[in-house]
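Only one structure is covered here, and it is reproduced in the block below.
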Amino acid sequence: MVDTDSGWDGRGGRGSRVTRNTGGARPAEPIPGRRVAAVSLVALAALATGCEPGAATGAQEAPPPARPTQAAAPSPARTAPVTGDAKPRTAPPPSPSASTAAPAPTPDATTARPAPEPSTAPPPRVLMRTGSESDRVRELQARLRQIGHFGRNPTGYYGSVTADAVRSFQAKRSLPVTGSTDEVTWQRLLAMTRVPTAAELRPPTERPVAAPDERCLKGRVLCISKNSRTLAWMIDGKVVSAMDVRFGSEYTPTREGVFEVFWKSRDHVSTLYDTPMPYALFFSGGQAVHYSADFAANGYGGASHGCVNVRDKKKVAALFDQVRTGDKVVVYW
């Protein structure tokens with residue numbers, strides 16, 4: 001028997017199938033020979049490769065069935081030897097999409113490094129700053145003066161002049177320039193200076209005390225010289241204490257002459273200027289001898305509104321306790 005499955009019957013018509021019986025035997029049942037052969041090839045290819053491209057190794061015990069519509073022969077370069085349980089000895093070939101995909105970018109070595117963690121160390125503790133007032137501030141000023149950073153006598157008050165002196169010291173020693181005295185700045189200053197003497201800590205005045213006016217030679221007198229800018233507290237011609245003073249400006253001058261202390265006010269505040277006037281000893285209207293924080297901070301760069309400013313707080317506090325109402329006040333050139 002000759003099987004023809006071409007779809008052609010010899011008479012120009014399609015769709016009929018003719019089977020010739022050449023030996024009188026029983027005609028054989030027609031079988032789709034070519035289609036069976038194609039299916040067999042697909043099955044053999046599936047057994048040879050073990051799995052379809054892209055499947056995970058060991059994900060299944062037997063290979064999946066081949067797709068009926070795909071009959072491509074296995075690539076010899078990707079064929080892996082099989083074992084008795086049909087699992088590949090090595091990893092299956094990569095998927096076609098993976099072989100054509102661009103490789104993942106390698107991270108730059110500079111960007112791959114972890115960023116440095118910020119420092120968690122606390123800043124040095126601040127010991128003194130603008131507005132501080134103490135014996136330690138006085139020592140700071142005396143030590144700064146020893147090495148040329150503070151050009152006046154210590155006052156014990158931490159003002160703008162002291163802050164500028166500290167900045168100068170910090171800048172020269174490559175320390176953070178803050179104007180405040182922290183532990184690092186203080187220890188560096190201690191290492192470079194000696195312990196101040198009593199005269200360095202509390203000099204009588206920045207300027208020599210003037211020869212007293214003859215009106216100051218008898219009794220209890222606050223003898224105030226505009227020329228030397230000093231105040232001498234005198235009893236019977238002897239100087240008990242002396243201190244630097246500052247006067248009013250040309251628009252609010254301090255009056256000159258002989259006066260008496262008529263009122264003492266320890267914690268006085270000016271009602272005209274809303275300004276503190278501690279240890280005030282009033283001698284002429286609203287003019288008084290008193291402590292001035294501005295004078296302590298800024299020196300002779302400023303002026304009062306007519307009062308006699310003292311910048312040494314301890315000295316004027318002691319003076320306040322010693323002076324009595326009715327004591328004489330002499331202001332002169």
Side-chain angles (χ1 to χ4, degrees), residues 118-207 229 243-246 265-270 273-280 289-305 307-320:
S119 175
T120 57
R125 183 168 62 96
V126 174
L127 305 177
M128 294 166 276
R129 55 165 57 91
T130 300
S132 300
E133 190 170 8
S134 64
D135 285 340
R136 180 181 271 188
V137 174
R138 186 179 295 274
E139 180 182 355
L140 168 72
Q141 294 166 336
R143 288 180 180 271
L144 288 170
R145 183 169 185 173
Q146 288 178 10
I147 54 177
H149 288 279
F150 192 73
R152 58 188 60 188
N153 285 342
T155 64
Y157 182 82
Y158 203 121
S160 60
V161 175
T162 304
D164 288 342
V166 171
R167 289 189 189 95
S168 174
F169 175 80
Q170 290 170 330
K172 191 169 183 180
R173 272 75 195 178
S174 300
L175 299 173
V177 180
T178 63
S180 298
T181 303
D182 54 36
E183 289 178 327
V184 175
T185 301
W186 180 242
Q187 291 301 322
R188 183 70 63 86
L189 181 62
L190 292 180
M192 298 180 62
T193 56
R194 53 176 171 77
V195 178
T197 64
E200 288 175 324
L201 289 171
R202 299 180 182 278
T205 60
E206 185 176 275
R207 298 171 178 270
R229 293 189 286 187
M243 55 205 74
D244 296 326
V245 291
R246 183 178 72 170
S265 180
R266 184 179 296 273
D267 299 309
H268 191 78
V269 177
S270 171
Y273 304 105
D274 193 26
T275 303
M277 298 170 55
Y279 307 108
V289 175
H290 67 84
Y291 170 73
S292 169
D294 180 76
F295 182 29
N298 302 309
Y300 291 100
S304 73
H305 292 98
C307 290
V308 178
N309 291 163
V310 180
R311 62 182 174 188
D312 191 316
K313 194 172 187 178
K314 282 195 172 183
K315 284 187 176 182
V316 74
L319 180 69
F320 182 88

Problem set entry | pair Leu190-Glu139: side-chain heavy atoms closer than 4.5 Å | yes

Exercise. Do Arg246 and Asp294 have side chains that get closer than 4.5 Å, going by heavy atoms?
Worked result: yes

For this session: With Glu200 as reference, evaluate Arg143, Arg194, Arg145 under the side chain to side chain donor-acceptor pair (under 3.5 Å) test and give the passing residue.
Result: Arg194

Problem set entry | side chain to side chain donor-acceptor pair (under 3.5 Å), paired with Thr162, selected from Arg129, Gln141, Arg152 | Gln141

Nearest 0.5 angstrom please: [X] [atom1] to [Y] [atom2], how far?
| X | Y | atom1 | atom2 | value |
| --- | --- | --- | --- | --- |
| Leu189 | Gln146 | CG | CD | 8.0 Å |
| Lys313 | Ser292 | NZ | OG | 11.0 Å |
| Met243 | Leu319 | CE | CG | 5.0 Å |
| Met277 | Asn309 | CE | CG | 8.5 Å |
| Leu140 | Asp135 | CG | CG | 12.5 Å |
| His268 | Thr275 | NE2 | OG1 | 10.0 Å |

Exercise. When you check the gap from the basic side-chain N to the acidic O, do Asp312 and Arg138 get nearer than 4.0 Å?
Worked result: yes

For this session: Flag the pair Asp182 and Arg188 as a salt bridge only when some basic side-chain nitrogen lies within less than 4.0 angstrom of an acidic carboxylate oxygen.
Result: no

Might you point out which heavy atoms bring [X] and [Y] nearest each other, and give the distance in Å?
| X | Y | value |
| --- | --- | --- |
| Gln170 | Thr178 | OE1-N, 2.9 Å |
| Val166 | Ser180 | CG1-O, 3.8 Å |
| Pro154 | Leu201 | CB-O, 3.7 Å |
| Tyr157 | Ala296 | CB-CB, 3.6 Å |

Problem set entry | Verdict with reasoning, Tyr158 to Glu133, per side chain to side chain contact (heavy atoms under 4.5 Å, CB included) | CA-CA 6 Å; Tyr158 203 121; Glu133 190 170 8; over 6 Å; no

For this session: Quick one: sort the Phe295 and Tyr300 rings into parallel, tilted or perpendicular, breaks at 30° and 60°.
Result: perpendicular

For this session: Take Val289 and Phe320, measure what side chain to side chain contact (heavy atoms under 4.5 Å, CB included) needs, and give me the verdict at the end.
Result: CA-CA 9 Å; Val289 175; Phe320 182 88; over 6 Å; no

